[in-house]
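Only one structure is covered here, and it is reproduced in the block below.
None of the values given here were measured: they were computed from a predicted structure. Residue numbers begin at 1 in each chain, while the letters A, B, ... track the order of the sequences.
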Amino acid sequence: MSDELRRNLALFPIGIVQKLTELTPRQIRYYEQHELIKPTRTEGNQRLFSFNDVERLLEIKKLIDQGINMAGVKKMLGETEKFSELPVTEEAKQEAQKVKELTDQELHDLLKQELMLGRHGMSSSLIRGELSRFFH
DNA sequence: ATTCTTACA
DNA sequence: TGTAAGTA
């Protein structure tokens, strides 16, 4: 499986994402309403987030912690295009089950690895400092 | 036990 | 944003 595909696999429920990002479910759903993230849904309408979603949520959190509002966050991260638009395959379900059995420490380590492997370079670094002044 | 939507202090 | 209510 390609990395791109793996990072877009929708596999964790909101509870896991809450631990991974330190954000409340309330905030996570709120950001979804503003289309900053687009998690998929299970048959039972439960949200399933991918590593890319978690990644974006962490970027959002960084901005929010700096006092930037939704309008500002949207301008910087842009509206989510087509993240997490992958079907809920059997493989995804199995991986989701594994994720649920991990300890908090293992989850953080997993996320850390995933984020370091990820193709980055812009979003996280350009965020700090001067830019936060353009909004409020 | 978890998550979902809606609505209001 | 937090939280209570009523579900799925």
Can you tell me which residue among Gln33(A), Arg26(A), His34(A) is in a side chain to side chain donor-acceptor pair (under 3.5 Å) with Tyr30(A)? His34(A)
Glu43(A) CD to dT2(B) P: how many Å, rounded? 22 Å
Go through Leu57(A) and Gln27(A) one step at a time and tell me if the side-chain contact (heavy atoms from CB on, under 4.5 Å) criterion holds. CA-CA 10 Å; Leu57(A) 283 171; Gln27(A) 291 177 298; over 6 Å; no
Is the distance from OP1 or OP2 of dC4(B) to the nearest side-chain N or O of Arg29(A) less than 4.0 Å? yes
Contact boundaries of DNA chain C with chain A (under 4.0 Å, heavy atoms), 5' to 3'? dT1(C) to dT3(C)
Taking Watson-Crick and G-U wobble contacts under 3.5 angstrom, with | marking pairs to another strand and [ ] crossing pairs, the secondary structure of DNA chain B is written .|.|||||.
Step by step, work out the side-chain contact (heavy atoms from CB on, under 4.5 Å) result for Leu110(A) and Phe51(A). CA-CA 10 Å; Leu110(A) 178 62; Phe51(A) 276 110; 4.0 Å; yes
Distance-minimising heavy-atom pair for Pro13(A) and Leu11(A): CD-O, 3.9 Å
Roughly how many Å is it from CG in Asn45(A) to P in dT3(B), rounded to a whole number? 13 Å
Measuring only between side-chain heavy atoms, which start at C-beta, is Asn52(A) closer than 4.5 Å to Glu55(A)? yes
Residues from residues 15-26 of chain A sitting under 4.0 Å of DNA chain C, heavy atoms only? Thr24(A), Arg26(A)
Would you indicate whether the side-chain heavy atoms of Met70(A) and Tyr31(A) approach each other to under 4.5 Å? yes
Is the shortest heavy-atom distance from the side chain of Val54(A) to the side chain of Phe12(A) under 4.5 Å? yes
What's the CG-C1' distance between Leu48(A) and dT2(B), to the nearest Å? 13 Å
Quick one: does any side-chain atom of Asp53(A) pair with a main-chain N or O of Ser50(A) as donor and acceptor, under 3.5 Å? yes
At under 4.0 Å between heavy atoms, what does Ile64(A) touch on the DNA or RNA strands: base, sugar-phosphate, or nothing? sugar-phosphate
Determine, step by step, whether Ile16(A) and Leu102(A) satisfy the side-chain contact (heavy atoms from CB on, under 4.5 Å) criterion, reporting the C-alpha distance in whole Å, the side-chain angles of both residues, the deciding distance to 0.1 Å, and the verdict. CA-CA 10 Å; Ile16(A) 299 296; Leu102(A) 299 176; over 6 Å; no
The answer to which of Gln46(A) and Tyr31(A) contacts DNA chain C further toward the 5' end, by nearest nucleotide, is Tyr31(A)
Checking Thr24(A), Ile28(A), Leu23(A) against Ile14(A) for side chain to side chain contact (heavy atoms under 4.5 Å, CB included), the one that qualifies is Ile28(A)
Sidechain N-carboxylate O distance under 4.0 Å for Glu32(A), Arg47(A): yes
